[in-house]
Amino acid sequence: MKPKGETILIADDEIGLRDSLRDLLTVEGYTVTTTSNGIEAINKLQTEQFDVALLDIRMPKIDGFEVLRYVQQNCPFTQPIMLTGLIDVKLAVEAIRLGAYDYITKPYSSDDLLKVIIRALERKNLLMQNEVMKSELQRLSGSSEIIGDAASFKKVLRLAAKIAPTESSVMIYGHSGTGKELIANFIYKNSLRADKPFVALNCASIPDSLIESELFGHEKGAFTDAVRQKQGLVEIANGGTLFLDEIGDISMSIQPKLLRFIQEGEYRRVGGNTVLHSDVRIISATNKRLENEVANSKFREDLLYRLNVITIDLPPLRERKEDIPKLAQWFIQKKMKTRIQKTLASDAIDVLVRYEWPGNVRELENVIERAAILSHGEIIDAKDLALPVRSLSMKDSQGDEQSRLGKLVPMKEVEREHYLGVLNTLSWNKSQAAKVLGVSLKTLYTKIQQYQLKEKSY
Ligand SMILES: Nc1ncnc2c1ncn2[C@@H]1O[C@H](COP(=O)(O)OP(=O)(O)OP(=O)(O)O)[C@@H](O)[C@H]1O
Ligand SMILES: [Mg+2]
């Protein structure tokens with residue numbers, strides 16, 4: 001397959017060689033920039049991103065080694081390939097020791113040169129993929145198989161499959177734990193960009209002051225901690241997909257820049273003047289109704305229109321209860337790969353189906369994981385399920401009206417028990433618990449204090 005617009009910088013002082021290289025590479029489909037000395041090359045590297053840099057070793061003013069050093073320090077993904085005469089092979093080997101990807105001796109054969117470039121590009125893509133995986137962004141762990149037969153859920157999947165191969169921006173709405181990231185990933189995997197990076201940013205997990213530099217990168221010295229240039233996620237995602245999770249939490253101050261980027265594909269690094277370009281498809285997710293945020297002047301309407309060209313609404317789990325048994329069994333299988341398969345007793349399934357699942361599929365996954373680990377034997381029954389307010393969710397088949405009324409409890413008590421149950425289920429991981437409960441961390445702390453909840457007091 002012909003490469004699509006991958007960028008190559010050529011730095012060589014011999015005009016004939018420079019031009020023939022440019023022609024060869026342009027015909028191959030690369031976007032080529034030529035420079036005639038090291039200073040020009042560094043100037044270009046400062047303002048544009050290149051996938052490969054072909055650097056002549058001997059150049060006036062600043063030689064190829066200097067440029068190589070610059071690339072090493074400032075352009076982590078650019079692959080430098082040295083161009084050298086036969087007599088300088090020793091120098092070329094030294095350049096490789098210093099981090100050049102490879103070298104080509106002049107006169108070069110077109111075939112050899114193209115092969116080296118293709119390999120260098122592969123390496124660059126691998127490096128970027130690595131970076132994508134390393135980024136603290138939460139990627140889906142394990143298999144991303146999607147379970148769901150409910151009509152409402154199938155409708156979602158059908159829509160997702162239909163719009164996946166388009167370039168449209170997608171907005172995924174859904175309560176906490178309904179599978180927003182899973183669907184985002186499904187769209188990405190079924191898109192024409194499936195072999196390009198998928199980069200995720202959780203807009204709620206990064207302070208406002210850092211989000212711009214996370215998204216668009218920064219120049220060296222842009223602020224106190226900016227000791228070196230940093231590529232933004234839009235740059236890393238170039239050609240691929242950018243997943244903006246919890247988009248409803250993105251601050252008003254960054255929204256105009258995001259809007260411009262979506263409209264024009266243009267952005268600037270923090271502290272930089274140059275307008276840079278990147279081509280990404282945007283998928284966003286939120287559990288907030290952004291129309292309300294617009295009404296409250298917390299979200300720009302024009303940005304919302306750009307983001308939700310296609311809207312996918314994920315139904316909460318309580319509205320597709322028929323999927324609960326299959327999901328539960330799937331989670332057992334997912335967690336217990338190496339052990340004997342456990343199965344759910346019918347009383348356990350009964351309890352699971354009756355429960356309302358405020359934390360949706362994520363909560364179900366956590367409850368099942370815990371039960372699968374803690375239960376003895378091969379059967380998981382109702383008593384193994386650490387569900388909050390279990391007594392209320394269990395079938396109350398016996399007893400007359402009067403005794404049922406006697407068992408009814410005040411709202412506060414339900415709330416207390418529910419908070420405690422979720423916290424215990426999640427081993428007191430408070431940020432996860434807040435998410436599942438759909439409240440802020442601050443509210444959670446207030447409730448813990450108000451109800452004097454303690455670990456192990458369940
Ligand atoms: N239909 C499904 N089939 C299988 N697993 C699912 C399904 N829906 C969700 N899950 C699993 O449930 C967990 C939560 O899903 P996901 O992270 O996609 O939800 P979310 O809506 O992004 O949650 P949050 O609001 O907390 O960010 C994940 O482990 C995911 O794999
Ligand atoms: Mg999510």
Side-chain angles (χ1 to χ4, degrees), residues 141-154 174-179 182 314-399 403-404 407-409 413-429 432-433 435-438 453 455-458:
S141 59
S143 157
S144 58
E145 196 159 319
I146 301 180
I147 308 290
D149 295 325
S152 59
F153 191 74
K154 276 192 157 162
H175 291 299
S176 173
T178 43
L182 191 79
L314 271 173
L317 188 56
R318 65 174 171 278
E319 287 175 17
R320 42 181 162 123
K321 288 196 160 186
E322 59 266 53
D323 285 343
I324 291 174
K326 212 167 162 189
L327 274 167
Q329 199 57 51
W330 159 247
F331 290 136
I332 295 175
Q333 195 187 323
K334 195 166 143 190
K335 293 286 147 27
M336 317 289 295
K337 277 186 192 119
T338 53
R339 302 208 204 151
I340 324 142
Q341 279 304 313
K342 298 195 176 193
T343 46
L344 287 156
S346 63
D347 68 337
I349 294 179
D350 209 37
V351 168
L352 292 175
V353 173
R354 269 162 201 286
Y355 182 59
E356 289 295 291
W357 300 107
N360 293 293
V361 188
R362 183 189 303 290
E363 188 185 5
L364 174 63
E365 186 171 11
N366 288 333
V367 166
I368 293 295
E369 180 174 357
R370 208 179 145 92
I373 293 167
L374 297 182
S375 60
H376 300 289
E378 286 168 34
I379 306 288
I380 298 172
D381 45 40
K383 70 173 171 12
D384 298 318
L385 301 168
L387 273 179
V389 278
R390 193 191 309 157
S391 55
L392 290 180
S393 59
M394 283 228 267
K395 196 168 169 184
D396 194 1
S397 54
Q398 292 158 356
S403 72
R404 272 212 303 282
K407 281 182 197 161
L408 295 179
V409 283
E413 210 169 294
V414 175
E415 188 176 70
R416 180 185 187 279
E417 220 184 313
H418 188 62
Y419 269 90
L420 187 56
V422 170
L423 279 163
N424 282 336
T425 304
L426 299 173
S427 313
W428 279 71
N429 178 332
Q432 233 185 356
K435 247 183 152 183
V436 164
L437 289 157
L453 305 179
E455 234 173 312
K456 305 259 180 285
S457 57
Y458 186 45

Subject >> Check: Trp357 and Ile324 side chains under 4.5 Å, non-hydrogen atoms >> reply: yes
**OP:** Report the residues that fulfil salt bridge (charged side-chain N to carboxylate O under 4.0 Å, His left out) with Asp347, sequence neighbours left out, ordered by chain and then residue number.
**Re:** none
Original post:
Is the closest basic N to carboxylate O distance between Glu356 and Lys321 below 4.0 Å?
Top reply: yes
Subject >> Atom of Ala382, atom of Ala348 and distance for their closest heavy-atom approach >> reply: N-CB, 3.7 Å
Original post:
Just how far is it from atom CG of Asp323 to atom NZ of Lys154, taken to the nearest 0.5 Å?
Top reply: 9.0 Å
**OP:** For Ile349, check side chain to side chain contact (heavy atoms under 4.5 Å, CB included) against everything at least two apart and list the hits.
**Re:** Pro325, Leu344, Val353
**OP:** Let me see the working for Leu364 and Trp330 under side chain to side chain contact (heavy atoms under 4.5 Å, CB included), right down to the final yes or no.
**Re:** CA-CA 11 Å; Leu364 174 63; Trp330 159 247; over 6 Å; no
Original post:
Just wondering, do Thr343 and Gln329 contact through their side chains at under 4.5 Å, heavy atoms?
Top reply: yes
Original post:
Step by step, would you call Phe153 with Leu317 a side chain to side chain contact (heavy atoms under 4.5 Å, CB included)?
Top reply: CA-CA 10 Å; Phe153 191 74; Leu317 188 56; over 6 Å; no
Original post:
How long is the span from the CD1 atom in Ile373 to the CG atom in Asp384, to the nearest 0.5 Å?
Top reply: 12.5 Å
Subject >> From NZ (Lys334) to CD1 (Ile147), nearest 0.5 Å >> reply: 9.0 Å
Original post:
Can you name the closest pair of heavy atoms from Ala371 and Ile380 and give their distance?
Top reply: CB-CG2, 3.9 Å
Original post:
Among all residues two or more places apart in sequence or in another chain, which pass the side chain to side chain contact (heavy atoms under 4.5 Å, CB included) test with Ser427?
Top reply: Arg370
Subject >> Residue pair Arg320 / Pro315: nearest heavy atoms and the distance that separates them >> reply: NH2-O, 2.8 Å
Subject >> Under the side chain to side chain donor-acceptor pair (under 3.5 Å) test, residues paired with Ser375 that sit two or more places apart >> reply: Lys342
Subject >> Residues that Lys326 engages under salt bridge (charged side-chain N to carboxylate O under 4.0 Å, His left out), provided they are two or more places apart >> reply: Asp149
**OP:** Could I get the full list of salt bridge (charged side-chain N to carboxylate O under 4.0 Å, His left out) partners for Glu322, not counting sequence neighbours?
**Re:** none
**OP:** Enter the distance from Leu182:CG to Ile146:CD1 here, rounded to the nearest 0.5 Å.
**Re:** 4.0 Å
Subject >> Rounded distance [0.5 Å steps], CD in Glu415 versus CG in Leu420 >> reply: 12.0 Å
Subject >> Between CG on residue Asn360 and CG on residue Leu314, distance to nearest 0.5 Å >> reply: 9.0 Å
Original post:
Looking at Leu426 and Asn366, what are the two nearest heavy atoms and their distance?
Top reply: CD2-ND2, 2.8 Å
Original post:
Taking NZ, NE, NH1 and NH2 as the nitrogens, is one of them in Glu365 or Lys335 under 4.0 Å from a carboxylate oxygen of the other?
Top reply: yes
Original post:
Please walk me through it: do Thr178 and Glu319 pass side chain to side chain contact (heavy atoms under 4.5 Å, CB included)?
Top reply: CA-CA 11 Å; Thr178 43; Glu319 287 175 17; over 6 Å; no
**OP:** Take Ile368 and Leu352 through the side chain to side chain contact (heavy atoms under 4.5 Å, CB included) test and state the conclusion after the steps.
**Re:** CA-CA 10 Å; Ile368 293 295; Leu352 292 175; 3.9 Å; yes
Original post:
If we only count heavy atoms from C-beta on, is the Phe331 to Val361 side-chain gap below 4.5 Å?
Top reply: yes
Subject >> Minimal non-hydrogen separation, Thr425 against Ala386, with atom names >> reply: OG1-O, 3.1 Å
